[in-house]
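Here is the structure we will look at.
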Protein chains: 2
Amino acid sequence: MSETADGLLRALADPLRARIIELLAGEQLCTCHLVELTGARQTNLSNHLRVLREAGLVEPQPAGRYTFYRLRPEALTSLADHYAALADRARSAAQLRRPCA
Amino acid sequence: MSETADGLLRALADPLRARIIELLAGEQLCTCHLVELTGARQTNLSNHLRVLREAGLVEPQPAGRYTFYRLRPEALTSLADHYAALADRARSAAQLRRPCA
DNA sequence: GCGTTTAATCAGGATGTGCTGATGTCAGAA
DNA sequence: TTCTGACATCAGCACATCCTGATTAAACGC
């Protein structure tokens with residue numbers, strides 16, 4: 001798998017981070033919004049946002065003393081494309097079976 | 001996120017399991033093939049295959065004393081669809097920003 | 001200036017996950 | 001039946017990940 005897709009997967013494979021992504025898919029939100037929407041502590045959220053940031057899934061948008069986060073749809077699209085292509089490949093090769101020695 | 005997509009993600013978010021999925025996208029393979037293709041121990045592979053099985057990503061196909069595994073493309077497709085839809089939603093709502101109190 | 005608020009970073013403890021060797025089970029060959 | 005090979009399961013250890021409280025930095029209002 002492409003190492004970028006691997007990073008995206010790791011970042012998304014956490015319940016709280018997945019929830020953050022879903023929330024950000026509807027609108028841009030600042031950390032204080034996410035605190036009240038998820039019920040998680042500010043420190044915890046900040047850690048998860050860093051993971052999402054480093055994976056390229058979200059982008060911070062500083063606004064005064066607030067920091068809004070926006071979702072990067074390209075990241076999700078590349079992930080979707082990758083697995084759609086893999087599924088196609090699997091469908092073509094469904095019957096193939098390597099013989100056992 | 002749908003809890004099924006969450007399970008798929010967790011299962012895929014491991015380097016060795018991702019590699020197994022890629023290999024199985026090309027052809028059906030038995031455990032002994034996967035052992036030599038990945039270099040992992042049989043015990044280790046069996047554990048990972050169980051995770052993939054429980055997530056609905058692969059399906060065992062017993063053949064005598066061998067066990068072939070086949071990839072279930074529907075699982076990958078549902079994942080791809082989920083994130084493609086989320087990306088679309090994010091693109092539509094890209095400008096929205098919830099005001100801070 | 002000073003105090004408050006937002007949010008990032010750090011160090012710790014708890015929990016989860018992956019890898020291992022040993023063991024159990026089942027199918028086929030001798 | 002007995003033996004061998006393929007595969008699953010189990011218990012233990014090592015490591016990674018998540019959550020937390022405390023601290024720090026920066027932006028705003030007074």
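Throughout, a chain's letter reflects where its sequence line sits, starting with A, and its residues are numbered from 1. Please read all numbers here as calculations on a predicted model, not as lab measurements.
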Just to verify, what does [X] make a side chain to side chain donor-acceptor pair (under 3.5 Å) with, not counting sequence neighbours?
X     : result
A:R98 : B:E27
A:R10 : none
A:R91 : B:T77

Sequence neighbours left out, what pairs pass salt bridge (charged side-chain N to carboxylate O under 4.0 Å, His left out) with at least one residue falling in residues 48-66 of chain B?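 Qualifying pairs: B:R50-B:E54, B:E59-B:R70.
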
I need the full list of salt bridge (charged side-chain N to carboxylate O under 4.0 Å, His left out) pairs touching residues 77-86 of chain A, with sequence neighbours left out, sorted by first then second residue. none

Would you indicate, yes or no, if [N] has its OP1 or OP2 atom less than 4.0 angstrom from a side-chain nitrogen or oxygen of [X]?
X     : N      : result
A:R10 : D:dT17 : yes
B:Y69 : D:dA8  : yes
A:N44 : D:dT20 : yes
B:R17 : C:dG18 : yes
B:R50 : D:dA8  : no
B:H48 : C:dT17 : no

Separation of [Y] [atom2] from [X] [atom1] (nearest 0.5 Å):
X     : Y     : atom1 : atom2 : value
A:L79 : A:L12 : CG    : CG    : 6.5 Å
B:L71 : B:L76 : CG    : CG    : 5.0 Å
B:I21 : B:R72 : CD1   : CZ    : 11.0 Å
B:Y69 : B:L23 : OH    : CG    : 14.5 Å

Pick the closest DNA chain D nucleotide for A:V51 and for B:T67 by heavy atoms, then say which residue is nearer the 5' end.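 Residue closer to the 5' terminus by nearest nucleotide: B:T67.
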
Could you state the atom-to-atom distance from [atom1] of [X] to [atom2] of [N] in whole Å?
X     : N      : atom1 : atom2 : answer
B:L49 : D:dT9  : CG    : C1'   : 14 Å
B:L45 : C:dC19 : CG    : P     : 9 Å
B:I20 : C:dC19 : CD1   : C1'   : 13 Å
B:F68 : C:dA27 : CZ    : P     : 17 Å
B:E54 : C:dT17 : CD    : P     : 12 Å
B:N47 : C:dG16 : CG    : P     : 17 Å
B:H33 : D:dC7  : NE2   : C1'   : 14 Å
A:Q61 : C:dT6  : CD    : C1'   : 17 Å

Contact residues, residues 24-31 of chain A to DNA chain C [heavy atom, < 4.0 Å]: A:C30, A:T31

At how many degrees, to 10°, do the end axes of the helix from C:dG13-D:dC18 to C:dA30-D:dT1 meet when each uses five pairs? 10°

Are the side chain of B:H33 and the backbone N or O of A:P99 linked by a donor-acceptor pair below 3.5 Å? yes

Under 3.5 Å, is there a donor-acceptor pair between the side chain of A:R89 and the main chain of B:A25?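 The answer is no, because no donor-acceptor pair under 3.5 Å joins these two groups.
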
Give every pair of a protein N or O atom and an N or O atom of nucleotides 22-25 of chain C that lie under 3.5 Å apart, one pair per line with the distance.
| from | atom 1 | to | atom 2 | distance (Å) |
| --- | --- | --- | --- | --- |
| C:dA22 | N6 | B:T43 | OG1 | 3.1 |

Closest non-hydrogen atom pair between B:L52 and B:A11, with its separation: CD2-O, 4.1 Å

Dump the pairs, protein N or O against N or O of nucleotides 24-30 of chain D, anything under 3.5 Å, distances to one decimal.
none

Using the salt bridge (Lys or Arg N to Asp or Glu O under 4.0 Å) criterion, which residues pair with B:R17? Sequence neighbours excluded.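 Listed in chain order: nothing, the list is empty.
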
In chain order, what residues pass the side-chain contact (heavy atoms from CB on, under 4.5 Å) check against B:S78, with sequence neighbours excluded?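 With sequence neighbours excluded, B:S78 shows a side-chain contact (heavy atoms from CB on, under 4.5 Å) to B:L8, given in chain and number order.
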
For residues 40-47 of chain A, run the donor-acceptor check on the side chains, cut-off 3.5 Å, and write out each pair with its distance to 0.1 Å, sequence neighbours left out.
| from | atom 1 | to | atom 2 | distance (Å) |
| --- | --- | --- | --- | --- |
| A:N44 | OD1 | A:H48 | NE2 | 3.3 |
| A:N47 | ND2 | A:T43 | O | 3.4 |

